[in-house]
K.L.:
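Here it is: the structure, laid out below.
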Amino acid sequence: MHHKDQKGKLLIFSAPSGAGKTTIVRHLLSLDLNIEFSVSVTSREPRHNEKNGKDYYFLSEKEFIEKIQNKEFLEWEEVYKGIYYGTLISEVENIRSKGKHVIFDVDVAGGLNIKNYYGNEALAVFIQPPSVEELKKRLINRSTESRDKINMRIEKAESELAFANRFDVIIVNDNLQKALSESEKLIQKFLQ
Ligand code: ADP
Ligand code: 5GP
């Protein structure tokens, strides 16, 4: 496929919700590393601080399903019941055609699919929380989801953690400063 022949690399960050992917990915984007964030499509409601086209492309379920039928996705998952997330082929192509590297914040299944597709051009990083208890604390503390939705995310976390060893690298996010500097070094080395 066309987008496979271009030269920007692929940086995949996956983890259960609340592990700290977004925080780490935002940090990497703030460095001068010629990386651009792959904005995903989702059918969930935007959080109060999220912007359409920056954090996600927010679409209805119906619009999302149309994009599946039109084969617009590199990968997509129903990450939580009735809530869809997917990576657009056009998004990745646009970033790579500018000669930039692409960074993904995707769920564990999506991350492994992208890695499988791009092979050595991609680095798949698993962000591991110190414990499921701590995940729950972080999600409660973030206060962007209702208790029901937090529970849904926690329920999924155990099975997601079982996939950690299929990734190229595991970074434990216990101490945030440590996780940020580890991620930074890892990415700098991979992009050399
Ligand atoms: P994800 O994108 O994986 O769902 P976030 O980056 O949103 O996770 O992090 C979840 C919450 O935990 C946020 O409120 C974030 O500020 C906080 N957080 C991230 N890393 C740590 C850490 N090492 N220790 C404590 N809190 C953290
Ligand atoms: P959130 O609702 O917290 O933003 O994201 C929930 C989960 O969906 C996270 O694990 C996040 O990484 C994942 N996700 C976001 N975008 C995509 C995507 O394009 N594809 C897949 N497979 N998962 C995604």
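One-based numbering, in listed order, for ligands and for the atoms of each.
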K.L.:
Could you state the interatomic distance from CG (Leu139) to CZ (Arg147), rounded to the nearest 0.5 Å?
P.N.:
10.5 Å
K.L.:
Transitively linked via ILVMFWY side-chain contacts under 4.5 Å: Phe13 with Phe37?
P.N.:
yes
K.L.:
If you draw the axis of the six-membered ring of Phe190, does the NZ or CZ of Lys9 fall within 45° of it and under 6.0 Å from the ring centre?
P.N.:
yes
K.L.:
Would you please say whether a donor-acceptor pair under 3.5 Å links the side chains of Asp107 and Ser14?
P.N.:
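Short answer, no.
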K.L.:
State plainly whether one hydrophobic cluster holds both Phe126 and Phe104, where clusters connect Ile, Leu, Val, Met, Phe, Trp and Tyr through side-chain heavy atoms under 4.5 angstrom apart.
P.N.:
no
K.L.:
Quick one: which residue pairs count as a salt bridge (Lys or Arg N to Asp or Glu O under 4.0 Å) with a foot in residues 174-187, not counting sequence neighbours?
P.N.:
none
K.L.:
Look at Asp55 together with Arg26 and state whether they make a salt bridge at an N to O cut-off of under 4.0 Å.
P.N.:
yes
K.L.:
Ligand 1: which protein N/O atoms lie under 3.5 Å from its N/O atoms?
P.N.:
residue: ligand 1; atom: 2 (O); partner: Thr22; partner atom: N; Å: 2.9
residue: ligand 1; atom: 2 (O); partner: Thr22; partner atom: OG1; Å: 2.4
residue: ligand 1; atom: 3 (O); partner: Ala19; partner atom: N; Å: 3.4
residue: ligand 1; atom: 3 (O); partner: Gly20; partner atom: N; Å: 3.0
residue: ligand 1; atom: 3 (O); partner: Lys21; partner atom: N; Å: 2.9
residue: ligand 1; atom: 3 (O); partner: Lys21; partner atom: NZ; Å: 3.2
residue: ligand 1; atom: 4 (O); partner: Gly18; partner atom: N; Å: 2.8
residue: ligand 1; atom: 4 (O); partner: Arg142; partner atom: NH1; Å: 3.0
residue: ligand 1; atom: 6 (O); partner: Thr22; partner atom: N; Å: 3.4
residue: ligand 1; atom: 6 (O); partner: Thr23; partner atom: N; Å: 2.9
residue: ligand 1; atom: 6 (O); partner: Thr23; partner atom: OG1; Å: 2.6
residue: ligand 1; atom: 7 (O); partner: Arg142; partner atom: NH1; Å: 2.7
residue: ligand 1; atom: 8 (O); partner: Gly20; partner atom: N; Å: 3.1
residue: ligand 1; atom: 20 (N); partner: Asn173; partner atom: ND2; Å: 3.0
residue: ligand 1; atom: 23 (N); partner: Arg138; partner atom: NH2; Å: 3.4
residue: ligand 1; atom: 23 (N); partner: Asn173; partner atom: OD1; Å: 2.8
residue: ligand 1; atom: 23 (N); partner: Asp174; partner atom: O; Å: 2.8
residue: ligand 1; atom: 23 (N); partner: Leu176; partner atom: N; Å: 3.4
residue: ligand 1; atom: 24 (N); partner: Arg138; partner atom: NH2; Å: 3.3

K.L.:
Could you please provide the protein residues found below 4.0 Å of ligand 2 on a heavy-atom basis, arranged by chain and number?
P.N.:
Ala15, Lys21, Ser40, Arg44, Arg47, Tyr56, Glu75, Glu77, Val79, Tyr80, Tyr85, Gly86, Thr87, Asp105, Val106, Asp107, Gly110, Arg153
K.L.:
Enumerate the residue pairs fulfilling salt bridge (Lys or Arg N to Asp or Glu O under 4.0 Å) with a member in residues 135-145, sequence neighbours excluded, ordered by first and then second residue.
P.N.:
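Qualifying pairs: Arg47-Glu145, Glu134-Arg138, Arg142-Glu145, Glu145-Arg153.
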K.L.:
Do Glu75 and Tyr117 have a side chain donor and acceptor closer than 3.5 Å?
P.N.:
no
